[in-house]
Amino acid sequence: MKTSSGTTGLIQNEPLLWEKGQEGRSGYSMPRRDVPRTKLDERFLGPAPDLPDMSEIDVVRHFTRLSQWNFGVDTGMYPLGSCTMKYNPKINEKMASLPGFAGSHPLLPPRFSQGALQLIYELEKFLAEITGMDAVSVQPAAGAHGELAGMLIVHAYHEKRGKQRSKIIIPDTAHGTNPASAALCGYQPVAVRSNEEGIISPEQVEAVMDEDTAGIMVTNPNTLGLFEKNIKAIADIVHAKGGLVYCDGANMNALMGIVHLGRAGVDVMHLNLHKTFSTPHGGGGPGSGPVCVRKHLEAFLPVPRVVKDGKNYGLTEDLPDSIGKLHPFFGNFGVMIKAYSYIRSLGAGGLKKASQLAVLNANYMKEMLKGTLHLPFDSVCMHECVFSDQNLHDYKVITVDLAKRLMDHGYHPPTIYFPLIVHGAIMIEPCETESKEELDNFIAAVKEIAAEAKTNPENLKNAPTRCKVKRLDETSAARNPCLTG
Ligand SMILES: *Cc1c(COP(=O)(O)O)cnc(C)c1O
């Protein structure tokens with residue numbers, strides 16, 4: 001039977017435009033010519049491009065179908081741990097597309113950009129308050145870019161004090177971008193192992209901290225989804241030897257309105273606006289990774305900085321100790337508008353509630369699944385929980401099989417094989433925006449798959465069976481990608 005779209009449910013086969021095109025068909029009509037026909041000179045135009053002949057509806061259907069194969073938070077739960085794939089209210093998109101913002105040009109002088117500058121200025125103030133820091137620059141374009149900014153600031157701070165240091169302490173529960181950012185600034189990462197509770201203990205930091213160590217980079221909550229509750233004691237040890245404390249705050253959605261990182265001893269940190277503060281991400285779109293510092297590091301922030309003088313907003317480059325410019329103009333402005341709108345529409349109480357719900361949902365998930373999947377660290381988690389495939393090994397089933405089978409149940413798989421310290425990790429971040437029914441449906445799907453692993457493990461091995469693309473040989477898929485569909 002010839003398969004045609006619309007008769008096979010979600011399983012659609014879509015030919016290439018070149019396979020669909022029919023010679024002579026067209027999708028436009030031009031007004032009748034009122035000048036003599038002339039042959040164009042091919043020397044200037046080059047040979048005609050190989051484009052298929054298609055009608056308008058052929059093209060509309062082709063691209064609409066392809067768009068439906070995409071999976072996103074607007075189509076279903078996307079519990080990708082560490083990534084915070086939560087639903088982002090559409091009002092924030094609407095604000096970002098207001099003509100005054102969308103049409104503003106970064107080359108306009110400040111006196112014609114007062115609204116945009118005010119938004120950046122106030123957003124930086126809000127983010128400072130949310131984190132418990134004193135000053136913020138929204139210039140970095142992503143989390144890793146914010147880390148780089150933060151580490152350049154650490155570097156500039158030691159340089160200014162007259163003695164550069166060579167090492168940086170990074171726990172095994174840090175995000176993989178942390179050692180990379182530190183290495184880019186010339187620091188050699190010194191690994192610290194997390195303890196049996198999955199967090200770092202002050203004794204371990206004490207053992208390695210010395211006066212050649214620039215500081216520590218702590219991901220908090222860490223990549224096991226656990227709060228580093230010794231952060232203050234660790235900060236005291238690092239400060240006593242003249243080092244600085246960097247906090248990777250990409251997962252601030254667990255802490256808003258609850259933890260004051262300044263009081264916990266953090267000197268510099270970054271946020272991910274495209275995780276916590278309402279910019280959809282995952283497709284490589286623009287992001288924003290603001291860098292936030294305490295007072296003693298403010299002079300090193302990137303330029304230009306937005307300043308306020310009386311009622312007027314302006315820009316200054318006059319910061320001799322600044323690490324310089326990291327991004328054209330001021331960063332990704334559209335992302336800032338969404339974050340501003342998110343913060344203003346939720347208010348302080350709403351932000352705190354969002355964090356409480358993110359933590360509640362993750363703990364519900366953890367408690368409901370811990371009898372089904374192996375839970376390596378059984379303690380209260382923050383916004384995500386990490387399981388392993390240990391219980392499934394008896395049936396010769398591993399994490400990737402479970403992840404692929406979840407796709408047959410209509411879910412995007414959770415993060416798998418990360419963090420590296422849990423063998424066969426399955427890292428679930430349900431996010432604050434999922435309802436209890438959605439969580440229960442997901443939990444039921446995982447339980448069904450775990451039961452199936454005992455009775456019909458081959459169903460997991462062959463999964464996904466209901467998706468357009470079936471089980472891929474991932475090694476060849478990476479080495480010899482098939483780009484034609
Ligand atoms: C996502 C994430 C990053 C990196 O952010 P990008 O915007 O992808 O560069 C860094 N640290 C943690 C903890 C993260 O979750």
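Atoms within each ligand, like the ligands themselves, are counted from 1 in listed order.
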Does any non-hydrogen side-chain atom of [Y] lie less than 4.5 Å from one of [X]?
| X | Y | answer |
| --- | --- | --- |
| Arg471 | Val400 | yes |
| Leu119 | Phe333 | yes |
| Ile169 | Thr213 | yes |
| Leu152 | Phe300 | no |

So if I count the atoms of ligand 1 from 1 in the order they appear, which ones are less than 4.0 Å from some heavy atom of [X]?
| X | answer |
| --- | --- |
| Thr219 | 13 (C) |
| Ala142 | 7 (O), 9 (O) |
| Ala250 | 2 (C), 11 (N), 12 (C), 13 (C), 14 (C), 15 (O) |
| Asp248 | 10 (C), 11 (N), 12 (C), 13 (C) |
| Asn272 | 1 (C), 5 (O), 6 (P), 7 (O) |
| Glu147 | 10 (C), 11 (N) |
| Thr177 | 10 (C), 11 (N) |

- Query: Does one side chain, of Asn222 or Glu228, offer a donor that lies under 3.5 Å from an acceptor on the other?
  - Reply: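 Asn222 vs Glu228: donor-acceptor pair found between side chains.
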
- Item | Residue pair Asn332 / Ser288, side-chain donor-acceptor N/O under 3.5 Å | no

- Query: With a cut-off of under 6.0 Å to the ring centre and 45° to the axis, is Lys338 in cation-pi contact with Tyr342?
  - Reply: no

- Does Tyr157 have any side-chain hydrogen bond (donor to acceptor under 3.5 Å, both in side chains) partners at least two apart in sequence or in another chain, and if so, which?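 Applying side-chain hydrogen bond (donor to acceptor under 3.5 Å, both in side chains) to Tyr157 gives Arg161.
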
Does even one non-hydrogen atom of [X] get within less than 4.0 Å of ligand 1?
| X | answer |
| --- | --- |
| His281 | no |
| Ser82 | yes |
| His274 | yes |

May I ask you to check if ligand 1 and [X] share an N or O to N or O distance below 3.5 Å?
| X | answer |
| --- | --- |
| Asn178 | no |
| Lys275 | yes |
| Gly143 | yes |

- Does Arg294 use its side chain to pair, donor to acceptor, with the backbone of Asp134 at less than 3.5 Å?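 No, because the side chain of Arg294 does not come within donor-acceptor range (under 3.5 Å) of the backbone of Asp134.
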
- Message: Applying the side chain to side chain donor-acceptor pair (under 3.5 Å) criterion to Thr84, which one of Lys275, Glu429, His274 satisfies it?
- Response: Glu429

- Message: Can you confirm whether some protein heavy atom lies under 4.0 Å from atom 8 (O) of ligand 1, or whether none does?
- Response: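 No; the ligand atom in question lacks any protein heavy-atom contact below 4.0 Å.
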
- Message: Below a 4.0 angstrom heavy-atom separation, can you tell me which part of Asn251, side chain or backbone, both or neither, approaches ligand 1?
- Response: side chain

